[in-house]
Amino acid sequence: MAVTGDETETGTSGDLTACQLQNTGSSLPQGGAETSTQGIVKSANPSQKREHRLMKNREAARECRRKKKEYVKCLENRVAVLENQNKTLIEELRSLKDIYRHKVE
DNA sequence: ATGCACCCGCGTCACCTGTA
DNA sequence: TACAGGTGACGCGGGTGCAT
């Protein structure tokens, strides 16, 4: 059979998982005694806490968008690969039908 | 040059979910 | 149960292409 000239095999090929939008789980080391997650002192005043929260969220949003963009790009690549694969298979089917027709004639 | 529509990235808020 | 992180939704400002 051999899908000619295609790097991926038929069906759900391996790199599907490469497009998964997963949590990288930034694994922040839980800080020691007085600090919360990232250096902000637990006893910080409310406005400091708010600033810190906004800053963290800002970064989180940036990262989230970056990952989403990467994910979309990955899906687009996969679409391109599958479209090529589809074309190749259609072509193969066509030539097999041709061969078969000549045999029965 | 200018007005307009469209796109993109950003910051913020609100909500959800997982974890200690 | 409080807290932190991820993400959808919203509004805003700047860049770009196009018609006038």
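Naming: A, B, ... by sequence-line order, numbering from 1 per chain.
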Trainee: Going 5' to 3' through nucleotides 7-13 of chain B, assign each nucleotide B (protein heavy atom under 4.0 Å from a base atom), S (under 4.0 Å only from sugar-phosphate atoms) or - (no protein heavy atom that close).
Mentor: --SBBBB

Trainee: Tell me, with the steps shown, if A:Lys67 and A:Glu70 meet salt bridge (charged side-chain N to carboxylate O under 4.0 Å, His left out).
Mentor: CA-CA 5 Å; A:Lys67 279 196 299 185; A:Glu70 197 176 316; over 6 Å; no

Trainee: Under 4.5 Å between any side-chain heavy atoms of A:Glu83 and A:Val79, yes or no?
Mentor: yes

Trainee: Nearest whole angstrom, please: distance from the C1' of C:dG6 to the NZ of A:Lys56.
Mentor: 12 Å

Trainee: Just so I know, are the side chains of A:Met55 and A:Glu59 near enough to count as touching, which here means a heavy-atom distance under 4.5 Å?
Mentor: yes

Trainee: Check side-chain hydrogen bond (donor to acceptor under 3.5 Å, both in side chains) between A:Ser47 and all other residues, then give those that pass, not counting sequence neighbours.
Mentor: A:Asn45

Trainee: Just to verify, what does A:Leu93 make a side-chain contact (heavy atoms from CB on, under 4.5 Å) with, not counting sequence neighbours?
Mentor: A:Lys97

